[in-house]
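In what follows, a single structure is set out as structure tokens and then discussed.
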Amino acid sequence: MPVVNDLSISVATANGSGSASSNNILFKSIFKMGIPCSSKNMFPSNIQGLPTWYQIRANGDGYLGRKDVIDVMVMFNDDTSDKDIYRVRDGGLILYDDTKPLPDELKRDGVQYLGVPANALVQKHVEAGPLRAKQRNMLYVGALAYLFGIDMDTIREVLSDTFGNKPAVIESNLLCIELGYNHMRDNNLSQSLSMLEKIPGGNEGKIVTEGNTACALGAIYGGVTFCAWYPITPSSSLAEALERYMPRLRKDQDGKNTYAIIQAEDEIAATNMVAGAGWMGARAMTSTSGPGLSLMNETIGLQYFAEIPGVYFIIQRGGPSTGLPTRTQQADIQLMHVASHGDTRHIILIPHDMKSCFDLGRKSFDLADRFQTPVFVMMDLDLGMNLWGSDPLELVQEPFDRGKVLDADGLEKQGSFARYRDVDGDGVPQRTLPGTEHPLAAYFARGSGHDDQARYSEDEKDYKEVLDRLRRKHDTARAYVPKPLVEVQPDVNTGVICFGSSYEAVREARDRLRAAGTETNHLLLRALPLTAEVREFVASHEVIYLMEQNRDGQMAAIFKEEYPEFATKIVSILIYDGLPATAGEIVRQVEEHREGATNGVETKVDESWQKQIASI
């Protein structure tokens, strides 16, 4: 008896073969049936030709993290077939193009093989042309639709939504989908793994988007007026979303643009433009990834020390160096936390879903202005570039917080102005904007040593006072950054902390642990610096499992530095193979630690699973 609405599909194709359209049609059709689903695109870092895998998880219980196993492998890339046959789980299904007989070396025990002669059908029924080879991929959409019950009327609706003004494109793609569907039906091909059934009202009112787009919209509604950027995977689509939406949303009554977007010659130029625009009073931003952030460090230090606001959207990928440009990771936490040389501490906002991408993207500009400092929005490729279902993005109507900005009237009333003086004990000085018409308004924004009146100084007392005030300002931010989301039950001594895209895998892992008899409390971290709620959570549990996607436990190091008295109770759960985290691996590491703790022996993480994944 097949299970209902629990299915993981992996589509193996070659990059540039046109599979993106077919994969999107497949994903959106399942979503439109009301079934909770998510997608993961594992694509190569070249332009065309190397292997790509697109994974879709459909789960009626709402679990959206990457599934531990692949139920169905669509094997449409001859170059990876010898490994793809072993990616699918025992008892799973392999769908392949059987235009030619399958070689014996691609046959394995324990899985079901079903063929659809995609090449032959396309050659026979599709007019010769440059798109014929790419439309071959639409046949696996039709084959899967028949096998798993994906509604054809829904597929037609998605085609219309996608190619609404191109009826010829709709017709040609639908022809190929129907060819695949009809072949499976006419040959009585079937499977017993799973069936997808419509969920009435499921996903009603929800949208499908990616985190980079949601962040861009948040920035627009957060008042951004200037963006300088340089293309780099996986952050480019954020700036491109700004370019797509700003012309529609940011014009004055005369139709003139009220913004500027500049593609700079490199990341160093981009960050310097952000610093200049921020000094002028613009709400300025950039988007980049780890290598770009490395190049931006010196100017970030200037902004921190001269106290110039700016927002940095960092979409993390695998490093170091070029690393894995198209894989996900959370390995730039420390780089953001203390960016630049010298003593620094930065505000970091951490979205975990589409709504928080939008909300924190907006809030980042208020915090940058309030604290006159660079603010980082910490994302990763999984959250930023993959498609996610979401409730609609809703704007909270509240005025912008520009912080302690003095205009001419304020200067006249106050009678004095010292740019870097702490006037009320919170570490945040007052500032003026260039062009303010008042004799007290002018000052030098200095990256060199200075006193509280912005005068050049190498005096040791002045220098220490500036550094101490900057640290005091950072401590003040604890009361302003987003608080964590906490789930607590009484008499539970085990806590789990996660952040960012790890949330979905952790949510599922906690349910599995609960089913096995282990109850956990949970804290979803949403910002640095750490707030009082975080300390209270850590203090109130005997053991804390802190899950992050990097090798060295970078967030755990921040916790242990902040709370040395609790360092021994913090246990790192680490996943860093470049693939999105799974609940199964989290559960495995937690159970391994608990077993070691029970037996009174120290346990080490078994890295054999990582080597196995790397080998394929």
Side-chain angles (χ1 to χ4, degrees), residues 215-228 242 250 258-260 271-287 299-314 336 339 344-349 351 358-378 395-411 414 417-424 426-436 441 443 445 454 469-470 472-482 526-529:
C215 278
L217 288 168
I220 293 171
Y221 285 99
V224 65
T225 57
F226 181 81
C227 173
L242 286 177
R250 299 297 294 277
T258 58
Y259 66 91
T271 187
N272 280 311
M273 292 178 189
V274 169
W279 176 71
M280 285 294 297
R283 290 199 150 185
M285 61 160 283
T286 189
S287 62
T299 300
I300 290 169
L302 169 64
Q303 287 183 264
Y304 176 82
F305 200 53
E307 299 181 68
I308 300 171
V311 174
Y312 290 76
F313 289 89
I314 308 300
M336 285 179 262
T344 58
R345 286 290 187 276
H346 298 295
I347 296 171
I348 303 176
L349 306 186
F358 178 78
D359 292 342
L360 300 188
R362 181 186 185 280
K363 187 176 180 62
S364 62
F365 292 89
D366 281 349
L367 290 171
D369 273 352
R370 162 60 54 184
F371 292 98
Q372 304 167 32
T373 195
V375 169
F376 295 89
V377 181
M378 186 177 84
L395 176 65
V396 177
Q397 297 288 349
E398 57 185 19
F400 294 152
D401 180 2
R402 296 307 304 264
K404 300 178 183 179
V405 178
L406 292 174
D407 58 14
D409 291 340
L411 289 167
Q414 187 167 287
F417 169 60
R419 171 64 181 97
Y420 295 116
R421 181 171 297 166
D422 185 358
V423 296
D424 49 18
D426 64 359
V428 185
Q430 298 172 328
R431 66 172 173 142
T432 59
L433 301 180
T436 302
Y443 68 93
R469 181 180 57 75
L470 289 170
R472 193 161 61 248
K473 180 171 74 170
H474 188 71
D475 287 337
T476 298
R478 297 178 195 276
Y480 287 79
V481 299
R526 301 204 298 157
L528 294 175

Side chain to side chain, Lys404 and Asp424, heavy atoms closer than 4.5 Å:
yes
Looking at residues at least two apart in the chain, or sitting in another chain, which of them share a ring pair (Phe, Tyr, Trp, His ring centres under 6.0 Å) with Phe365?
none
Looking only at heavy atoms, what is the nearest atom pair of Ala441 and Thr432, with distance?
O-OG1, 2.7 Å
Identify all side-chain donor-acceptor contacts of residues 273-283 below 3.5 Å with residues at least two apart in sequence or on another chain.
unit_1, atom_1, unit_2, atom_2, d
Arg283, NE, Asp369, OD2, 3.0
Arg283, NH1, Gly222, O, 2.7
Arg283, NH1, Asp366, OD1, 3.2
Arg283, NH2, Asp366, OD1, 2.9
Arg283, NH2, Asp369, OD2, 3.1
Arg283, NH2, Asp401, O, 3.1

Give me the atom names and distance for the closest heavy-atom approach of Thr436 to Ala408.
CG2-N, 3.7 Å
Close side-chain approach of Arg362 and Leu395, heavy atoms under 4.5 Å
yes
About how many Å separate OG1 of Thr476 and CZ of Arg370, when rounded to the nearest 0.5 Å?
10.5 Å
Are the side chains of Leu349 and Leu367 in contact, using a 4.5 Å heavy-atom criterion?
yes
NE2 (His346) and CG (Leu528) are apart, to the nearest 0.5 Å, by 11.5 Å
Stepwise salt bridge (charged side-chain N to carboxylate O under 4.0 Å, His left out) test for Asp475 and Arg478
CA-CA 6 Å; Asp475 287 337; Arg478 297 178 195 276; 3.1 Å; yes
So CZ of Phe376 and CD1 of Ile300: to nearest 0.5 Å the spacing works out to 4.0 Å
NE2-CZ distance between His474 and Arg469, expressed to the nearest 0.5 angstrom
14.5 Å
Interatomic spacing from CD1 in Ile347 to CE in Met378 - rounded to 0.5 Å
14.5 Å
Worked check of side chain to side chain contact (heavy atoms under 4.5 Å, CB included) between Val481 and Arg526:
CA-CA 8 Å; Val481 299; Arg526 301 204 298 157; over 6 Å; no
So Thr271 and Gln303, side chain to side chain contact (heavy atoms under 4.5 Å, CB included) or not? Walk me through it.
CA-CA 10 Å; Thr271 187; Gln303 287 183 264; 4.1 Å; yes
Residues Pro429 and Gly427: closest non-hydrogen pair is CD-O, 3.5 Å
Is any side-chain heavy atom of Phe305 closer than 4.5 Å to one of Leu470?
yes
Determine the minimum heavy-atom distance between Cys215 and Val377, stating which atoms define it.
SG-CG1, 4.5 Å
Could you tell me if the side chain of Pro529 sits less than 4.5 Å from the side chain of Arg345, heavy atoms only?
no
Taking Thr286 for the side chain and Ala228 for the main chain, is one N or O donor matched with an acceptor at less than 3.5 Å?
yes
Just how far is it from atom CG of Leu302 to atom CD1 of Ile308, taken to the nearest 0.5 Å?
5.0 Å
OH/Tyr443: more than 12 non-hydrogen atoms of other groups inside 6.0 Å
yes
Specify the closest pair of heavy atoms between Phe371 and Ala477, including all atoms of both residues, with the distance to one decimal.
CZ-CA, 3.4 Å
Under the 3.5 angstrom rule, does the side chain of Thr344 hit a backbone N or O of Ala339 as a donor-acceptor pair?
yes
Less than 4.5 Å apart, side chain to side chain, heavy atoms only: is that true for Pro309 and Arg431?
yes
Please determine whether side chain to side chain contact (heavy atoms under 4.5 Å, CB included) holds for the pair Cys227 and Tyr259, giving the CA-CA distance in whole Å, both sets of side-chain angles, and the decisive distance to 0.1 Å.
CA-CA 8 Å; Cys227 173; Tyr259 66 91; over 6 Å; no
Check whether any side-chain heavy atom of Glu307 sits under 4.5 Å from a side-chain heavy atom of Val428, and report yes or no.
no
Distance-only, no hydrogens or angles: does the Tyr221 side chain make a donor-acceptor pair with backbone N or O of Asp359 under 3.5 Å?
no
With sequence neighbours excluded, what pairs up with Phe400 under the ring pair (Phe, Tyr, Trp, His ring centres under 6.0 Å) test?
none
What closest approach, in Å, do Tyr312 and Pro374 show between heavy atoms, and which atom pair accounts for it?
CE1-CB, 4.0 Å
